[in-house]
Amino acid sequence: MSKEIIPAGQSISIVVLFISGSSLFMGTSSQSGNGSWIAQLLAILLAVPLVLIYARLHVLFPGKDLYDMLISVFGSVFGRMLSCLYIWYALHLGALVLCNFGEFSKTVALTSTPMLAPMLVIGLLCIWVVNAGIEVIGRSAKFLLLFSFIVIVFIQLLSVPKFEYHHMKPMLETGWGLVFADTAGSFTFPFAEIVIFLGAFGAMPAKGSARRVLIGGTLIAGLIIIMITLRNLLVLGPDILSSLYFPSYVAVSRINIGDFLTRIEGSAAIVFVTALFIKASLCLYVTSNGVSKVFKLKSYRSVVLQMGLIMVYLSDFIYADIMEMQSFAYHIYKVYALPFQVFIPVLLWLTAELLTRRKGGRQGSLQGQKQQPE
Amino acid sequence: MRLLRRGMASLLSLLLLLNLSGCWNYTEVDDMAIVAGVAIDKNEADGKLLLTVELVDTNGGMDKTQAGFKMISLSGDTMFEIVRNIISITGKKLFWSHAKSIILSREVAREGLIKAIDWYSRDTETRSDVFIFVSGEKTAREVLNLNSTTETIMSFELAQMMRDEKFISTAPAVEIWDFIDKLETKGNNATAPMISIHEENNKQNERVTGTAIFKKDRMVGSLNGDESKSMLFVKNKIKGGVLDMDDKQGNPAYSLEIISNQTKVKPRIVDGRLQMQIHTVTKTGLDEVMTPQGFGEGESIQDIEQRAGERLQTDILAVIHKLQREYDADVFGFGEMVFEEQPKVWAKVKDHWLDTFADLDVTVSSKVIIQSSAKTSRAIRPGD
């Protein structure tokens with residue numbers, strides 16, 4: 001089986017779309033009112049060391065993905081158990097993303113279409129693209145990122161006339177407590193979600209710099225998210241912002257250029273769909289890849305369809321309604337996601353470093369030793 | 001194998017046929033009742049909400065150059081119930097995306113608006129960029145009903161009027177999201193334009209002038225057109241309009257056309273008391289001189305500028321005092337400014353802000369600059 005490799009430019013595009021995807025239409029958690037952009041900045045600062053750890057894992061295990069690492073470090077039983085947890089996390093995250101999209105289309109765009117229909121359509125597209133391989137995801141991400149970026153910048157410029165700068169004042173009126181709460185929220189959703197990308201590390205060139213990809217991607221995505229947060233804040237103001245499910249959509253709907261360029265929020269929603277498509281696809285890829293690694297399948301492609309359909313179905317019944325979704329995304333998720341995003345990877349990294357040090361004295365590096373049995 | 005492929009391909013194309021038939025819930029224009037605007041009243045008989053919708057009549061004949069309209073009224077307990085029940089009259093589902101105006105009766109406004117507008121801002125079929133009005137007449141319905149005399153779709157005409165409001169500045173143009181924004185913001189009270197029926201030679205027309213003042217979601221009073229203009233000066237919302245001026249003897253003599261205006265409001269602490277310092281700079285053009293003496297002889301431009309400034313200053317102070325004393329409603333957003341500029345002071349006063357507002361010190365300094373005198377350099381000078 002020829003190995004799939006995606007070049008750095010495409011990986012960066014995937015990372016950017018993956019991180020900024022949900023925030024493009026969900027907005028970011030905004031309990032701290034007009035301090036939320038500071039929270040985003042802090043979240044990016046927090047995410048950078050974590051991402052460096054992820055990148056370090058790629059140096060320790062070149063050409064391997066998360067599941068290989070877990071199995072080789074924690075042994076075939078415990079490693080597989082942890083892998084199963086990650087399979088669940090990726091599947092669940094993919095379902096959440098689809099669900100966000102479903103709720104979005106049901107609430108604002110296609111109100112009388114059953115939620116399952118748009119989710120199924122996107123789900124089938126994801127199944128198709130994952131079946132075609134991660135290289136296809138990479139190439140589409142590169143193209144879609146360019147497109148999305150142009151749209152985002154364009155909309156940003158169009159909303160400038162609606163900016164009310166006094167919404168920024170006074171600085172930090174809610175105090176640091178809520179800012180830190182927001183930081184925690186934004187750190188887990190969306191920045192540290194990039195842990196999913198570890199599951200696709202196998203497709204990175206063994207000698208390629210994961211650090212460049214992850215740091216670059218995180219920073220670009222962070223920039224986009226801060227831009228969007230600021231736009232929503234300046235257009236809507238902190239009081240209204242907190243009452244909306246999809247602040248970006250409402251902020252864009254306020255754009256009115258000379259009574260001519262109005263109601264463009266429908267077109268802007270295209271960006272949500274492209275970003276979400278990449279995010280859900282990567283989740284599906286990582287889920288299928290995990291299943292194939294845990295059960296020693298020849299190729300992940302044999303489980304893509306099944307996993308994809310499960311993901312769509314899961315997204316359909318996972319929340320009863322949009323209020324539940326909101327409360328999960330902003331209140332529960334930041335606790336739920338921590339083990340996946342921080343504890344297990346850090347544990348993996350520390351153990352791997354330790355093993356490398358110990359083995360390093362005796363016979364070269366861990367990689368040389370570990371690659372032999374495969 | 002080839003046969004199987006072909007079979008599969010034809011099956012797939014058959015499946016595609018299903019999608020090609022069109023959208024999921026495709027609706028023809030003549031299956032919808034397009035709403036142009038609504039009037040919300042309180043039904044006198046049973047105290048329930050009475051909703052009147054103005055519908056665009058899509059069944060125009062060949063000889064018609066303008067779309068017609070249809071009026072339907074229905075009462076009920078909640079807005080949404082009424083909206084849905086109207087289908088039983090029209091036989092068509094209402095289509096809200098093109099609605100432009102909401103007119104509320106004074107009674108509804110006095111009893112609290114939230115029950116009338118929450119549905120409108122929450123529902124996804126409606127758009128939050130409609131203009132909101134308070135009727136100065138007994139009911140909101142009769143304003144909307146004027147369309148029978150003016151032969152136009154009233155709601156669209158009102159929306160057009162709000163777009164041109166910037167040339168007169170005697171009423172605020174308020175969209176529903178803006179209204180709710182002001183309702184929710186601390187240290188701010190909402191306003192809405194007043195609409196009334198202007199009667200002349202037995203011909204009735206609608207007229208938008210004046211401002212309804214709200215406290216929370218209840219209307220507490222109103223300002224007339226001139227007071228509204230002064231209020232808009234404080235809110236830095238003046239984009240145009242006319243300042244009329246008297247000559248020294250007190251006869252109307254000059255019109256100044258407002259070209260641009262810049263208002264700065266600064267909350268300051270003076271001698272331990274909160275003080276709002278308002279500075280306005282208005283650039284105008286002298287557009288009308290009604291006396292043959294004119295300017296240049298009787299009065300210099302500087303005199304007119306100075307008196308215009310003083311006049312504006314008194315007008316602004318008068319409207320602020322009126323709002324402080326009579327209505328006790330902070331429609332200027334002074335509270336929000338204090339919060340933004342002096343957060344520490346705000347923390348102390350926010351719980352009883354409206355009381356603080358009522359005896360707030362305000363200073364106003366207005367400067368009027370005459371930039372041009374339009375086409376002529378002097379007044380019309382009669383010969384012999």
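Below, read A as the first sequence line, B as the second, and so on, with proteins coming before strands; counting in each chain starts at 1.
- Applying the side chain to side chain donor-acceptor pair (under 3.5 Å) rule to B:R84 yields the partners B:E125; only residues at least two apart in sequence or on another chain are considered.
- Dense packing is recorded around NZ of B:K215, with more than 12 heavy atoms of other residues, nucleotides or ligands lying under 6.0 Å away.
- Residue with the most contacts toward chain A among B:E175, B:E340, B:M337: B:E340 (heavy-atom pairs, distance under 4.5 Å).
- We find the CD-NE2 distance between B:E336 and A:H167 to be 7.0 Å, quoted to the nearest 0.5 Å.
- Among residues at least two apart or in separate chains, there is no ring pair (Phe, Tyr, Trp, His ring centres under 6.0 Å) pair with a member in residues 105-127 of chain A.
- Residue B:K239 qualifies as open at atom NZ: its count of foreign heavy atoms under 6.0 Å is 12 or below.
- Within the model, atoms CG of B:D178 and CZ of A:R254 stand 8.0 Å from one another, a figure rounded to the nearest 0.5 Å.
- Residues A:L236 and B:D181 share a closest heavy-atom pair of O-OD1, 4.1 Å.
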